[in-house]
K.L.:
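Below: one structure in structure tokens.
Everything numeric in this text was worked out from a predicted model, so none of it was measured.
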Amino acid sequence: MSHSCAKFLRLALSCAFVLLVAACGGGGKVPYPADSAVTLRALPSDISDRKAVSYSPFRTIEYYSEGVPTNNPPVNEPNLSDNIAEDLALLHQGGFRLIRLFDSSDRVAKVVLETLAANPSWDIKVMLGMYVVANDSISQAEIARGVALATDPRFKDIIAAVSVGNETMVNWSFNKVSPVAMAGYLKSVRDQITQPVTTDDNWAFFAKAPSESNDPKNILAIIDFVSMHSYPLLDTLPPAVPRWDWKQLTALAPDRATAMMDAALAASKLDYADVRAHLDSLGYTSMPIIIGETGWKALPLHGELNRAHPVNQKMMYERLMAWQAASKTAPGPKSIIYFASFDEPWKTSDSGWGLFTVERKARSVIQSLYPAGIWDTVYADTDAVHAPDETTGDPGSASRYTVYADAVTPGEFLSPGIQAFGWDSPALAYAGEGNALAAWSGDVPPSGTPKGLDIGPVPEAGPYNYGWGLFLIPTTTYTDLSSFNISSGRLNFSINTTYPGKIEVGFFTGTTANNTASDVYLVLDPSVQTYGYLNDGNWHQVSIPISALVAAGRPAFNMPDTALPDLTKVAQPFVIADRYDHTGKTANFVGKNTLIFVDAIYWSK
């Protein structure tokens, strides 16, 4: 799923209805190979008529690199089989009767299928995944496992469909497999099983959007239905080109969340319409389309502030389910597989999509389906988040420029639409809001509410491990904060952490595009309490003179010597980092993943 992850599912076909088509017949299949006809296998009602969700069982944040599947899920989970049984019982209790799996591993897929076969009363069907990668030998081994599961008499009626590959052909894929190779994998699988076959990919690939270099024609010639992904939330984050206006500022604040979620659904409908139109233009008017992945985050772990929240998640889910119901009698997706059933902390900044928390607590969206004893936090509908009003005026005339805080201070200039991003891709750090990642241990942020930024460093392992960083950016390109570069100008924030040793804090000016990028960072040493910084696990106020930061500023990586601090062009008004060559650490020092809590970030005069 999304721009940095992968997911999976499966099901079984019990009726023999098929549609035979000619070579390029209207609405039928283009034959594969060219001299043979392909029988389009019907989409079973087990997919179109069931409440569906994707499923992955991992609960920890420990990684492994053996085998293929699923972006290095945790390995040290000794109770995985018991956990799978517990999860499937929960999904059955909530009425979920179709799950999508992302691989065909012995460790997950086989255990899931064995558990379902042992509990037929649960009546849960599966859309089985086969997670293929650029390495052919690894992919062939995965396909062999998947075919064995799909043809096993114990599981054949449980597996309703098979999906080979996940987000491999869209241009931004992090696991690229060419359409030619994918076509071969699909044909190999389809020749060996009886269930309908597809591949999961982003809507832009199936629609042959202008951004896409790969053509879906060869893929459409082999599959039985399209399983497209649509993530309006992710389309609001750089570097995506927005297809919709998430802010909805023309709506008054009380109704802005509703307007945003209505617009998000409209964006998914546009994704579907573009795919449908492209298929129809190629003659595939009868090929069914399902949405194999879509969802909305409950936690803003990767810059989705003012968008991701349990109530907003509930609003999106309800809209999607209404769309699916309407599609029974009108054009629309034949099924919508919601992503995801449970949070997946091993995906760090790409976690927070779950209907359940990782502790298996039901979020707002499904609390009506479960007893209160397993509910997560209860929210009112009015707790939905939305974009703040755009700030008017000039930060230069204000006595305070607020980057992030709960309360509004009279006379301040508020930074519009702040988002948080970790350096690099995958991100080397991630940020949640409002106690998203860990307990505050009863110590609330200085703002007096449990809302604050929880920053989690995830420095890259291996020989190139140099540290981590995270920055906050407004929706504007630059902010002129030169008026704060006076003797009394300061960067202020509150911080609570036990992160070992020194850290860096500051801001970033200019851009790499025009060779003006400048790192305006200062090293804070807790051993001497630099500007008030301490890492003793209590809240401390840090206040750094802007002049000291400017004096420490240097050209950013690969920038010329002329790229010096320019406060008329502040691109990132707050950065927190630990570059080991600046703080004197080794790559694998103890405590490198320690959480850092930050709140009340502002510039003052």
K.L.:
What distance separates Phe225 CZ from Lys334 NZ, expressed to the nearest 0.5 Å?
P.N.:
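Result: 13.5 Å between the selected atoms.
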K.L.:
Within the 3.5 Å criterion, strictly below it, is a donor on Tyr185 or Asp136 matched to an acceptor on the partner's side chain?
P.N.:
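Side-chain D/A pair, Tyr185 to Asp136: present.
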K.L.:
Could you tell me if the ring centre of His302 sits under 6.0 Å from that of Phe421?
P.N.:
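Yes, the ring centres sit under 6.0 Å apart.
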K.L.:
Please check if any side-chain donor atom of Asn593 sits under 3.5 Å from a side-chain acceptor atom of Tyr499, or the reverse.
P.N.:
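The criterion, which ignores hydrogens and geometry beyond distance, is not satisfied for Tyr499 and Asn593.
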K.L.:
Using every non-hydrogen atom in the two residues, find where Asn306 and Met260 come nearest and quote the distance to one decimal.
P.N.:
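Smallest heavy-atom distance, with atoms named: O-CE, 3.8 Å.
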K.L.:
State the CD1-OH distance between Ile418 and Tyr404, to the nearest 0.5 angstrom.
P.N.:
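Between atom CD1 of Ile418 and atom OH of Tyr404 there are 10.5 Å.
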K.L.:
With a 3.5 Å cut-off and no angle check, do the side chains of Asp200 and Ser163 form a donor-acceptor pair?
P.N.:
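Ser163 and Asp200 do have a side-chain donor-acceptor pair below 3.5 Å.
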K.L.:
Main chain of Val147, side chain of Thr151: is a donor-acceptor contact present, judged purely on distance under 3.5 Å?
P.N.:
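Yes, Thr151 side chain to Val147 backbone: donor-acceptor pair under 3.5 Å.
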K.L.:
Taking Asp376 for its side chain and Thr357 for its backbone only, find out whether a donor-acceptor pair lies under 3.5 Å.
P.N.:
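Side chain of Asp376 to backbone of Thr357, a donor-acceptor pair under 3.5 Å: no, none is there.
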K.L.:
Cation over ring, Lys592 on Phe589, under 6.0 Å and within 45°?
P.N.:
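No; the conditions do not both hold, so Lys592 does not lie above the ring face of Phe589.
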K.L.:
Treating Thr294 as the side-chain partner and Ser230 as the backbone partner, does any N or O pair qualify as donor plus acceptor under 3.5 Å?
P.N.:
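Indeed, once roles are kept as given, a pair shorter than 3.5 Å links the two residues.
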K.L.:
Quick one: is the NZ or CZ of Lys51 closer than 6.0 Å to the six-membered ring centre of Phe96, and within 45° of its axis?
P.N.:
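Checked: cation-pi criterion met.
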K.L.:
Do the side chains of Lys187 and Asp191 get nearer than 4.5 Å, heavy atoms only?
P.N.:
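With C-beta onward as the side chain, the pair touches.
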K.L.:
Working to the nearest 0.5 Å, report the span between CG of Leu270 and CG of Leu265.
P.N.:
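It comes to 11.5 Å.
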K.L.:
Can you give me the closest heavy-atom contact between Asp235 and Asp271, atom names plus distance?
P.N.:
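Taking every non-hydrogen atom into account, OD2-OD2, 4.5 Å.
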K.L.:
Got a second to check how far Arg59's CZ is from Glu344's CD, nearest 0.5 Å?
P.N.:
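Answer for the CZ-CD pair, Arg59 versus Glu344, is 12.0 Å.
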K.L.:
How are the rings of Trp353 and Tyr231 set to each other: parallel, tilted or perpendicular (split at 30° and 60°)?
P.N.:
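Trp353 and Tyr231: perpendicular rings.
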K.L.:
Does the side chain of Pro459 come within less than 4.5 Å of Leu428's, by heavy atoms?
P.N.:
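SC-SC contact between Leu428 and Pro459 ruled out.
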K.L.:
Is it possible for you to check whether Arg360 lies under 6.0 Å from the centre of the six-membered ring of Phe342, through NZ or CZ, and within 45° of that ring's axis?
P.N.:
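Yes; both conditions hold, so Arg360 lies above the ring face of Phe342.
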K.L.:
Under the 3.5 angstrom rule, does the side chain of Thr497 hit a backbone N or O of Phe597 as a donor-acceptor pair?
P.N.:
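It does not hold such a pair.
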K.L.:
If you look at every heavy atom in Asp224 and Pro288, which pair is closest and at what distance?
P.N.:
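Of all heavy-atom pairs spanning Asp224 and Pro288, the closest is O-CD, 3.6 Å.
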K.L.:
Between Glu167 and His229, do the side chains contain an N or O donor and an N or O acceptor separated by less than 3.5 Å?
P.N.:
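Yes, because at least one side-chain N or O of Glu167 sits under 3.5 Å from a partner of the opposite role on His229.
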K.L.:
Search all heavy atoms of Pro179 against all heavy atoms of Ile219 and return the closest pair with its distance.
P.N.:
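Minimum heavy-atom contact is O-CD1, 3.6 Å.
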K.L.:
Any side-chain heavy-atom pair from Leu220 and Lys217 closer than 4.5 angstrom?
P.N.:
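Result no, sub-4.5 Å side-chain heavy-atom pair not found.
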K.L.:
Taking atom NZ of Lys176 as the centre, does the number of heavy atoms from other residues, nucleotides or ligands within less than 6.0 Å exceed 12?
P.N.:
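More than 12 within 6.0 Å, yes.
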K.L.:
Between Thr511 and Asn514, is any side-chain donor less than 3.5 angstrom from a side-chain acceptor?
P.N.:
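A donor-acceptor contact under 3.5 Å links the two side chains.
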K.L.:
Per the side-chain contact (heavy atoms from CB on, under 4.5 Å) rule, which among Val598, Val575, Leu453 passes with Leu472?
P.N.:
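Running side-chain contact (heavy atoms from CB on, under 4.5 Å) over Val598, Val575, Leu453 with Leu472 returns exactly one hit, Leu453.
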K.L.:
Side chains of Thr236 and Arg307 only: does a donor on one sit below 3.5 Å from an acceptor on the other?
P.N.:
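Per modelled atom types, Thr236 and Arg307 side chains form a pair under 3.5 Å.
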K.L.:
What closest approach, in Å, do Ala52 and Ser335 show between heavy atoms, and which atom pair accounts for it?
P.N.:
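Closest heavy-atom pair between Ala52 and Ser335: CB-OG, 4.4 Å.
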K.L.:
Given the ring of Trp203, does Arg276 sit roughly above its face, with NZ or CZ under 6.0 Å from the centre of the six-membered ring and within 45° of the axis?
P.N.:
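No, cation not above the ring by the 6.0 Å, 45° rule.
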K.L.:
About how many Å separate CD of Glu86 and CG of Leu91, when rounded to the nearest 0.5 Å?
P.N.:
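Output value for this atom pair is 10.5 Å.
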K.L.:
Is it true that Tyr338 and Tyr317 have ring centroids separated by less than 6.0 Å?
P.N.:
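Distance test on ring centres: under 6.0 Å, yes.
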K.L.:
Can you confirm whether Val132 sits close enough to Val164 that some side-chain heavy atom of one is under 4.5 Å from a side-chain heavy atom of the other?
P.N.:
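Contact flag for Val132/Val164 side chains = yes.
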K.L.:
Closer than 3.5 angstrom, by distance alone: can the side chain of Asn515 be matched with the main-chain N or O of Met559 as a donor-acceptor pair?
P.N.:
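Absent.
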K.L.:
Side chains of Phe206 and Asp274, heavy atoms from C-beta outward: is any pair under 4.5 Å?
P.N.:
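No; the side chains remain at least 4.5 Å from each other.
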K.L.:
Is the backbone N or O of Ile576 less than 3.5 Å from a side-chain atom of Glu504, with the two atoms forming a donor-acceptor pair by type?
P.N.:
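Such a contact is absent between Glu504 side chain and Ile576 backbone.
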K.L.:
Quick one: does Arg243's side chain have a donor or acceptor within less than 3.5 Å of a partner on Ser268's backbone?
P.N.:
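Checked: no pair found.
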K.L.:
Is a side-chain N or O of Asp201 found less than 3.5 angstrom from the main chain of Asn166, in a donor-acceptor match?
P.N.:
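Not a single qualifying donor-acceptor pair exists.
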K.L.:
Between Thr583 and Asp578, do the side chains contain an N or O donor and an N or O acceptor separated by less than 3.5 Å?
P.N.:
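The answer is yes; a qualifying pair exists.
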K.L.:
Are side-chain N/O atoms of Asp87 and Tyr55 paired as donor and acceptor at under 3.5 Å?
P.N.:
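On atom types as modelled, these side chains qualify, holding a pair under 3.5 Å.
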K.L.:
Taking Gly510's backbone N and O only, do any of them form a donor-acceptor pair with Thr516's side chain (distance below 3.5 Å, no angle check)?
P.N.:
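No, because the side chain of Thr516 does not come within donor-acceptor range (under 3.5 Å) of the backbone of Gly510.
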K.L.:
Flag the pair Val385 / Asn312 as yes when at least one side-chain heavy-atom distance between them is below 4.5 Å, and no otherwise.
P.N.:
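Side-chain contact under 4.5 Å: yes.
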K.L.:
Is it the case that the side chain of Tyr272 and the backbone of Gly332 share a donor-acceptor pair, with hydrogens and angles ignored and the cut-off at 3.5 Å?
P.N.:
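Pair found, side chain donor or acceptor close to backbone of Gly332.
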K.L.:
Would you call Asp519-Arg579 a salt bridge at under 4.0 Å N-O?
P.N.:
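Arg579 and Asp519: salt-bridged.
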K.L.:
So, for Lys297 and Ser351, which heavy atoms are closest and what is the spacing to 0.1 Å?
P.N.:
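Shortest heavy-atom separation between Lys297 and Ser351 comes out as CE-O, 3.2 Å.
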